[in-house]
There are 2 protein chains.
Amino acid sequence: MTAEVGPKLRSDARDNRERILAVARLAFATEGVDVPIREIARRAEVGPATLYRHFPTKDALLAEAFAEQMETCSAIVAEGLAAADPWQGFRLVVERLMELHALDRGFARVFTSRLPEAVFAADRDRTLRMLLDLVGRAKKAGPLRRDFVVEDLSLALMANEGIRAESPATRVAASRRFAALMIQSFMAEPVAAPLPPPVRLPLSRA
Amino acid sequence: MTAEVGPKLRSDARDNRERILAVARLAFATEGVDVPIREIARRAEVGPATLYRHFPTKDALLAEAFAEQMETCSAIVAEGLAAADPWQGFRLVVERLMELHALDRGFARVFTSRLPEAVFAADRDRTLRMLLDLVGRAKKAGPLRRDFVVEDLSLALMANEGIRAESPATRVAASRRFAALMIQSFMAEPVAAPLPPPVRLPLSRA
DNA sequence: AGACAACCGGACGGGGTGTTCCGTTACGGT
DNA sequence: ACCGTAACGGAACACCCCGTCCGGTTGTCT
């Protein structure tokens, strides 16, 4: 997964490459995908040209930076699929996916778009297929409403992306409550369950 | 509301002003608030300077352009407040607010931000106060869950804003289903109700 | 009809972004 | 220690955005 040693890189080049990726991951996660390339280069103490030599385009950088997050997504769904109770598995998947997306603003954006041309398409489709399986089981087990479709989870993830807040902490808190609400709405024979604490959203500027 | 004749404008100036506003409303609604000023000027067949003479800043244009939408928001809540059944009123408010926000991308953004410095603050607060009243009644009447807070509606509106789609039609359709789901999750003693048709979201680029 | 004020639009300067050119540096094998 | 070459980074390119200034044009009032 994280190997791809490919062509032998010079030591300084390899260092730079990894430093750029680390900086980019942090920046994209906390500030979103709109962080300028130059800024990432600056923080990695590297010239813009160096960055472009390693990643021929911004999409390439995004793809590389989010590869592990994409992997995490698959892992989350796989884990949910492995749960004894399909409904609890589904529920867990929704909660953890939303938390992941709330923690990494950039990844959320990329996941619900098709920014890196088709780099993620395969992974995403694989994940969605697993999810389809899980949904089927959760319906058969009863608690998931029959008219639920996988697209509803995409919808929920997109919606989750709309939640903005000054700090990551409040964003995650808000996202948690939102996830709980969505799960409520996905139940076939719902029973009102307690929610995570409400969050006051102070109308950020962006 | 829509009067404010203020200083007598020359006939051509008044024409331009209204044309700019019409174009701006359309552009902001369909493409969001990030439409460049110059582009709006171009579509209104007017120079940039003319636009700036009428609206000294982009925020001023936004404020003026969305004034009527803001009014509509108040009207929607007022109407919900006037309904015989508070829960039906609340439900209607949620549905209509979300539809309004889905129809007007720019307004949704402005409503959940504080872009025009404090132009909308008063209206928004007034609307929120009415909403608070409605929420109280809907709780007292029973169907609205006790741990619901007004911030949950803000949350839902923000989330609604995250729903992107190529065409306004699919966006509205998706938003409608989303609203139905959210309403489900707001019920104190929920009973699974049928949902609007599911929507396939073809992963737009933006 | 004429004259003045108000209005118009093209052009300007300042700032920001993704991407590329090219002269310089320094790694690493001999 | 040496030197070929991979890798570097600052500057520059092309594009887009905002907000302003200025000389020409047009409406309106006498």
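What you see is a predicted model, and the numbers here were worked out from it, not measured in a lab. Per chain, numbering begins at 1; letters A, B, ... match sequence-line order.
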Interatomic distance where [atom1] belongs to [X] and [atom2] belongs to [N] [whole Å]:
X: A:Glu39; N: C:dG18; atom1: CD; atom2: C1'; value: 14 Å
X: B:Arg17; N: C:dA6; atom1: CZ; atom2: C1'; value: 16 Å
X: B:Arg14; N: C:dC8; atom1: CZ; atom2: P; value: 12 Å
X: B:Ile37; N: D:dT20; atom1: CD1; atom2: C1'; value: 13 Å
X: A:His54; N: C:dT19; atom1: NE2; atom2: C1'; value: 16 Å
X: B:Phe55; N: D:dC18; atom1: CZ; atom2: C1'; value: 17 Å

- Task: For A:Arg38 and for A:Glu45, locate the closest nucleotide of DNA chain D by heavy-atom distance; then report the residue assigned to the nucleotide nearer the 5' terminus.
- Result: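 The answer here is A:Glu45.
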- Message: Please report the interatomic distance SG(A:Cys73) to CG(A:Leu131), rounded to the nearest 0.5 Å.
- Response: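 A:Cys73 SG to A:Leu131 CG: 10.0 Å, rounded to 0.5 Å.
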- Query: Atom CZ in A:Arg17, atom CG in A:Leu51: separation rounded to 0.5 Å?
  - Reply: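 If we round to the nearest 0.5 Å, A:Arg17:CZ and A:Leu51:CG are 10.5 Å apart.
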- Message: Angle between ring planes, A:Phe66 versus A:Phe28, binned at 30° and 60°: parallel, tilted or perpendicular?
- Response: tilted
- Task: May I ask you to decide if the ring planes of A:Phe178 and B:Phe178 are parallel, tilted or perpendicular, using 30° and 60° as cut-offs?
- Result: tilted
Does a nitrogen or oxygen in the side chain of [X] sit under 4.0 Å from OP1 or OP2 of [N]?
X: A:Arg53; N: D:dC8; answer: yes
X: A:Asn16; N: D:dC8; answer: yes
X: B:Lys58; N: D:dC18; answer: yes
X: A:Thr57; N: C:dT19; answer: yes
X: B:Tyr52; N: D:dG19; answer: yes

- Task: May I ask you to list the residues of residues 18-32 of chain B, by number, that have any heavy atom positioned under 4.0 Å from an atom of DNA chain D?
- Result: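 The stretch gives none, as no residue of it lies under 4.0 Å from the strand.
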- Identify the two heavy atoms, one from B:His54 and one from B:Ile20, that lie closest to each other, and give their separation to 0.1 Å. CD2-CD1, 4.2 Å
- Spell out, as yes or no, whether a donor-acceptor pair under 3.5 Å connects the side chain of A:Arg177 to the backbone of A:Pro196.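 At least one qualifying donor-acceptor pair exists.
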- Sugar-phosphate means primed atoms, P, OP1 and OP2; the rest is base. With that split, encode nucleotides 24-30 of chain C 5' to 3' as B, S or - using protein heavy atoms under 4.0 Å. ---SS--
- Message: Taking any heavy-atom pair under 4.0 Å as a contact, classify B:Ala13: base, sugar-phosphate, or nothing.
- Response: sugar-phosphate
